[in-house]
There are 2 protein chains.
Amino acid sequence: MKQPKVTVVDVARAAGVSKSTVSLVLQGSSLVNEATRARVGAVIRELGYVYNRSAANLRQSKSKIVGIVVNDLTNSFFAELAVGMDMVVQSAGYIQFMANSAENADRQAEVIASMREHGMAGLILSPARGTTAADLRPLVDSGIPVVLVARNVPGLKVSSVVSDGHAGAAAAVQHLIDLGHRRIAFLGGFNDTAVFDERMRGYRDAMHEAGLNGSDELVFSSAPSRAGGVAAVERLLSTADRPTAALCFNDAVAFGACDGLRSARIEPGVDFGVIGFDDVIEAKTAVPALTTVSVDPQGMGRRAAQLLLKQINSGDFEHEALVASVRLVVRESCGAAQRMKREAVTA
Amino acid sequence: MKQPKVTVVDVARAAGVSKSTVSLVLQGSSLVNEATRARVGAVIRELGYVYNRSAANLRQSKSKIVGIVVNDLTNSFFAELAVGMDMVVQSAGYIQFMANSAENADRQAEVIASMREHGMAGLILSPARGTTAADLRPLVDSGIPVVLVARNVPGLKVSSVVSDGHAGAAAAVQHLIDLGHRRIAFLGGFNDTAVFDERMRGYRDAMHEAGLNGSDELVFSSAPSRAGGVAAVERLLSTADRPTAALCFNDAVAFGACDGLRSARIEPGVDFGVIGFDDVIEAKTAVPALTTVSVDPQGMGRRAAQLLLKQINSGDFEHEALVASVRLVVRESCGAAQRMKREAVTA
DNA sequence: TTGACAGTTTGGAACGTTCCAATTATTGGA
DNA sequence: TCCAATAATTGGAACGTTCCAAACTGTCAA
């Protein structure tokens, strides 16, 4: 079955033209006669010719490949992010190397190196935990555009698209305060990441502004996963002066928190307010529906990809830092619905 | 910042050897003298030389690239599948083009064509709905190994890795029967897919074997999503002779079914038995924990990737059809836990 | 001293494309 | 009829690598 591979020269011979003409046809040049174009096109289809891009960009050294490296494809937030990038990359006629670093910086370095050898035109990176500016410096210095997404790498001057964690966290806390909560916890996440820092500062600032205590005894860090959420809320429940609501590092943690609360016969959204972060797809349909800070990961992915393509095409080295705005989506888990019901009865 | 790009010739000049020697060093050939190897290695690091794989495999025409096309990365089952493939592909020193077809066959065709132009050595495809054998024939005929995963394409002779939907569905139904259910529904999924067919046959066969009615009035098809599950269970609840349990097409549908049941004040796992399919990550931690047929998507992904790499390396055209075995994971949503409690009380 | 041999190194052709400069064919105006 | 201009086509060099056959070095036995 193995075809002996047909090249532009074979096509040329079969169509009775030179390889240069075939090349012109391939690039849709307006220089070539309509009849010739048609004839060559027919031969191409007939012979089953497949364009060899490697050979092409060996000559012109500008590939239509971008690299996408994501820290955890298993997390639906990042999966959505990837899907968003995929959409715009694909529509722009590019194709992507895509790899999952699984939060492993070494593996991340390996795949980036490999992508570089294969001639990628640019990279979108959602960096693994522990990625340093030094890891990426050689790549950046070589003039390949890099866009960081979702997480930043301190000290690295490249473009980035991140969500406004500070504003989101602050809005969420404010909402809980409006609902009457006074002891509000911060649940989940590792405190060595920039994202954690930012959301945490939003939480603290909002607490302070309302004259409330946002001290360390109210923060329960944990793995940013569902299991981590369960663990964190268990610790929370065993404290003396128990909080009545919590802002969670992300939705996974929030779901875990709900699970943990329920195991303790505390109904999330009724007896305890829970707010997540990210607005993962499941947030809307979960029971109770999760009040959360929506960050539109697909949109972020799209913007990141657009930014990268812009840099690739313009060849400029202006760095842009996009902050995706964020919006609190009030559903059931924070208790807002309950309160409205109470108020209706009182009235 | 833009480096003028250093090639093997530059390295050769700087190290005082010929480009052939540098090439030999690059390939780790044993022909080259230890001292020379060291010197060349040093120069490579010093100049920041980056190997150009496109150029290389232009000459040797065997790339280290595989293509992965998945129908819906947003669904965590397929995301896990992708992660599994990523693992083995990466460890084998390959890199992957990865794209999301979003169930769109045209888009799928486009990305596959693009990957082909970029010189992929093989393809793993989780086909979009509506993919026909004809769509893939040219690729297959050209001698590029293809492995189908999760779904089959009727009439196409290539290797595949699919889960044993028949056995899984039958086991699930048998379990519900053992728990005392007699009217058991089949919920969700589109009836135009091979996967649906297979699970459906497992359901029917198990019902018949037990002398039960598995007729059409008990199957409620819908989109294979959480929302679809909600819709399907609503239809189910409005029927006259209401079933007491349901096997769902997949976990997403099962979660939706639970949501729908709860909205109707029916507690899944207590008043109604629900079983899912796939054992998505969230199944374990959901409330109630989902009884489901576990298919280990990561494992399937790994096996698919191994199969593809084997075919690439051996160049053979033996087609293997792997059926991933499947196992019922009994948790809470089917009511088994409840029954055990009852029995304990009775005893 | 020569030849055989192993251990190293090397020049140049080849891979499939693009691009440039040059060539040929066609047209229209003077 | 001839020239200029335009339209279409073309050969060959170049891109960065690998591979082959050939060449060079040194060692050792004859």
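Because the structure is a prediction, the values reported are computed rather than measured. In what follows, chains are A, B, ... by sequence order, proteins preceding strands, each numbered from 1.
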A.B. asks: Which atom names give the shortest non-hydrogen contact between B:Phe78 and B:Leu73, and what distance separates them?
C.D. replies: O-CD2, 4.4 Å

A.B. asks: Which residue in the set B:Val147, B:Leu307, B:Val161 passes side chain to side chain contact (heavy atoms under 4.5 Å, CB included) when paired with B:Glu320?
C.D. replies: B:Leu307

A.B. asks: Both A:Tyr51 and B:Gln60 contact DNA chain C. Taking the nearest nucleotide for each, which residue is further toward the 5' end?
C.D. replies: B:Gln60

A.B. asks: Any side-chain heavy-atom pair from A:Ile44 and A:Tyr51 closer than 4.5 angstrom?
C.D. replies: no

A.B. asks: Taking atom types as modelled, is there a side-chain donor on A:Glu80 or A:Ser76 under 3.5 Å from an acceptor on the other?
C.D. replies: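 No.
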
A.B. asks: What nucleic acid atoms does B:Ser54 come within less than 4.0 Å of, heavy atoms only: base, sugar-phosphate, or nothing?
C.D. replies: nothing

A.B. asks: Residues of residues 18-32 of chain B with any non-hydrogen atom less than 4.0 angstrom from an atom of DNA chain D: list those, numerically ordered, please.
C.D. replies: B:Lys19, B:Ser20, B:Ser23, B:Gln27

A.B. asks: Shortest non-hydrogen contact from B:Met85 to B:Gly301?
C.D. replies: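 The pair with the smallest heavy-atom distance is CG-O, 3.4 Å.
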
A.B. asks: With heavy-atom distances below 4.5 Å as the criterion, would you say the side chains of B:Ile95 and A:His118 are in contact?
C.D. replies: yes

A.B. asks: Regarding A:Ser61, tell me which of base, sugar-phosphate or nothing describes its non-hydrogen contacts under 4.0 Å with the strands shown.
C.D. replies: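 The answer is nothing, as A:Ser61 stays clear of every strand by at least 4.0 Å.
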
A.B. asks: Note the angle between the end axes of the helix from C:dT1-D:dA30 to C:dA30-D:dT1, five pairs defining each, rounded to 10 degrees.
C.D. replies: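 Computed angle between terminal axes is 60°.
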
A.B. asks: Decide yes or no for A:Pro138 and A:Asp141: does some side-chain heavy atom of the first lie under 4.5 Å from some side-chain heavy atom of the second?
C.D. replies: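 Contact flag for A:Pro138/A:Asp141 side chains = no.
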
A.B. asks: Under a criterion of less than 4.0 angstrom to any heavy atom of chain B, what are the 5'-terminal and 3'-terminal contacting nucleotides of DNA chain C?
C.D. replies: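 The contacted stretch runs from C:dT8 to C:dG16.
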
A.B. asks: Drop me the distance from B:Ile65's CD1 to B:Tyr94's OH, to the nearest 0.5 angstrom.
C.D. replies: 10.5 Å

A.B. asks: Which heavy atom of B:Met120 sits nearest to which heavy atom of B:Ile144, and what is that distance?
C.D. replies: O-CD1, 4.1 Å

A.B. asks: When you check the side-chain N and O atoms of B:Glu110 and B:Ser114, is any donor under 3.5 Å from an acceptor?
C.D. replies: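 The answer is no; no qualifying pair exists.
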
